[in-house]
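Encoded as structure tokens, the structure appears first; notes follow it.
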Number of protein chains: 2
Amino acid sequence: MTVLQGRLADRDSWSPVGRCPIEKTMGLVGTKSAMLIMREAFYGTTRFDDFARRVGITKAATSARLSELVDAGLLAKQPYQEPGQRSRDEYVLTEQGTAFMPVVWAMFEWGRGYFEDTRLRLSHQGCGAEATVEIRCADGHHVPPEELAVRVAGRRT
Amino acid sequence: MTVLQGRLADRDSWSPVGRCPIEKTMGLVGTKSAMLIMREAFYGTTRFDDFARRVGITKAATSARLSELVDAGLLAKQPYQEPGQRSRDEYVLTEQGTAFMPVVWAMFEWGRGYFEDTRLRLSHQGCGAEATVEIRCADGHHVPPEELAVRVAGRRT
DNA sequence: CAGGATCCCTAAGGATACTG
DNA sequence: CAGTATCCTTAGGGATCCTG
């Protein structure tokens with residue numbers, strides 16, 4: 001138990017800093033379909049119908065989710081044109097969207113272990129070694145859960 | 001774009017390996033309240049009413065979510081007894097639950113940047129340095145998004 | 001303190017049909 | 001291909017009241 005954990009545990013809500021970033025993040029992209037669309041976008045999917053089919057949701061849901069993700073700035077809508085066709089839009093990851101991927105891969109990794117799915121692995125392309133999601137500090141140490149603290153600006157905690 | 005990303009992009013659904021771990025994970029703990037309860041459990045909250053109050057949900061929702069998390073094995077229900085009181089239950093993180101924390105902190109980190117919340121920081125207690133969630137390979141390299149690949153067992157990809 | 005019961009509202013999302 | 005529109009079901013979750 002870290003010092004801060006002890007302090008944070010003594011409170012009525014997450015009041016010290018207003019609403020917690022986790023809560024806000026879940027409010028923005030906290031649905032299964034949004035998470036899977038982000039996965040697809042990372043895999044290189046850009047077309048509306050491909051998202052719908054590969055994620056396994058209806059077009060209505062696809063439309064709603066893509067719009068939300070574009071509005072939130074995780075995806076960008078870009079026009080493209082195939083010869084002889086009218087102009088259409090495709091959806092690509094933005095910088096904010098790419099920054100979101102650790103969330104997706106953390107879920108992937110946990111689910112892989114939890115559901116004992118041994119067929120899948122994250123790997124570092126090129127070097128070929130297995131990759132995992134982990135918490136590290138600026139000094140380069142791996143940070144196990146019991147050594148992780150949350151600091152509120154200014155305070156010592 | 002990695003090799004696997006290219007290959008995975010050419011498919012109808014996530015068929016090569018059945019349902020994806022991300023999807024299964026979201027099915028299990030993909031609600032805002034479940035995520036916040038996990039945060040609270042990490043902070044050291046163990047009592048029913050504390051969860052309800054600090055997460056900001058009703059007791060009915062608290063009851064439902066805690067039961068699901070216990071059934072899923074992320075939390076364990078343990079009896080405790082205060083002098084002069086009847087026996088009650090408290091909820092503590094299991095190993096599976098602790099393993100889930102990278103998901104929670106990845107959301108925390110992304111939300112912190114996205115919502116520009118500068119008051120909060122993850123830190124490595126003791127060494128005091130800032131901590132972040134990142135993807136690294138077994139050879140010790142930091143793995144940027146463009147170098148990350150997903151491998152399906154046996155296949156080269 | 002730790003819930004369960006009941007009622008109600010909203011969002012996610014499936015099914016189906018229709019458009020440019 | 002890229003959507004929009006309509007209808008319907010289910011789950012999350014608030015409010016309120018009650019119990020051991």
Side-chain angles (χ1 to χ4, degrees), chain A residues 9-10 12-13 19 22-38 40-41 45-72 75-92, chain B residues 9-10 12-13 19 22-38 40-41 45-72 75-92:
Chain A
D10 180 26
D12 273 1
S13 66
R19 285 171 68 237
I22 302 167
E23 182 175 358
K24 292 190 258 186
T25 299
M26 281 300 287
L28 211 61
V29 278
T31 64
K32 196 197 291 183
S33 53
M35 212 63 73
L36 297 184
I37 282 178
M38 292 305 291
E40 280 308 317
T45 298
T46 62
R47 310 279 174 95
F48 186 93
D49 271 26
D50 288 337
F51 278 114
R53 188 165 29 85
R54 293 171 185 166
V55 169
I57 56 178
T58 63
K59 294 181 175 189
T62 305
S63 177
R65 233 45 64 213
L66 284 177
S67 298
E68 290 165 11
L69 290 170
V70 167
D71 287 348
L75 296 181
K77 195 193 284 198
Q78 293 182 344
Y80 73 93
Q81 186 150 19
E82 293 197 344
Q85 300 281 322
R86 69 171 171 85
S87 175
R88 296 172 190 282
D89 290 319
E90 60 182 359
Y91 302 85
V92 297
Chain B
D10 180 25
D12 272 0
S13 67
R19 284 172 69 237
I22 302 168
E23 182 175 359
K24 292 191 257 186
T25 299
M26 281 299 287
L28 210 62
V29 279
T31 65
K32 196 198 291 184
S33 54
M35 213 61 76
L36 298 183
I37 282 178
M38 292 305 291
E40 280 309 317
T45 299
T46 61
R47 308 282 174 93
F48 185 93
D49 271 25
D50 288 338
F51 277 113
R53 189 163 30 83
R54 292 170 185 167
V55 170
I57 55 177
T58 63
K59 294 183 175 189
T62 305
S63 178
R65 233 45 65 214
L66 284 177
S67 297
E68 291 165 11
L69 289 170
V70 167
D71 288 347
L75 297 180
K77 194 193 284 198
Q78 293 182 344
Y80 73 92
Q81 186 149 22
E82 293 197 344
Q85 299 281 323
R86 70 171 169 86
S87 175
R88 295 173 191 282
D89 290 318
E90 60 183 0
Y91 303 84
V92 297

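Order of the sequence lines sets the chain letters (A, B, ...), proteins ahead of strands, with each chain counted from 1.
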Can you measure A:D49 atom CG to D:dG3 atom C1' for me and round it to whole angstrom units? 8 Å
Does any non-hydrogen side-chain atom of B:L69 lie less than 4.5 Å from one of B:V29? yes
Would you list the atom pairs, donor with acceptor, under 3.5 Å between side chains in residues 59-67 of chain B and any protein atom, with sequence neighbours excluded?
residue	atom	partner	partner atom	Å
B:T62	OG1	B:T58	O	2.8
B:R65	NE	B:S33	OG	3.3
B:R65	NH1	B:E68	OE1	2.9
B:R65	NH1	B:E68	OE2	2.7
B:S67	OG	B:S63	O	2.9

Which residues share a side-chain hydrogen bond (donor to acceptor under 3.5 Å, both in side chains) with A:E90, sequence neighbours left out: A:T46
Tell me: NZ of B:K32 to P of D:dG13, nearest whole Å? 8 Å
Neighbours of DNA chain D within residues 64-72 of chain B, by heavy-atom distance under 4.0 Å: B:R65
Nearest to the B:S63 side chain among C:dG4, D:dG13, D:dG3, which nucleotide is it? C:dG4
Five pairs at each end of the helix from C:dC1-D:dG20 to C:dG20-D:dC1: take the axis at both ends and give me the angle between them to 10°. 40°
B:F48 CZ - C:dC1 P separation (whole Å): 12 Å
What does B:T62 touch in the nucleic acid at a heavy-atom separation under 4.0 angstrom: a base, only the sugar-phosphate, or nothing? nothing
C:dA2 phosphate, OP1 or OP2: any side-chain N/O from B:Y80 under 4.0 angstrom? yes
Quick one, give me the B/S/- string for nucleotides 15-20 of chain C, reading 5' to 3', where B means a protein heavy atom under 4.0 Å from the base and S means that only happens at the primed atoms, P, OP1 or OP2. B----B
In this structure, how many angstroms lie between the P atom of D:dG12 and the CE atom of A:M26, rounded? 11 Å
Using a cut-off of less than 4.0 Å, is there contact between a side-chain N or O of A:Y91 and OP1 or OP2 of D:dC1? no
In whole angstroms, the gap separating C1' of D:dG12 from CD of A:E23 amounts to 14 Å
Among residues at least two apart in sequence or on other chains, which ones pass side-chain contact (heavy atoms from CB on, under 4.5 Å) with B:R88? B:Y80, B:Q85, B:R86
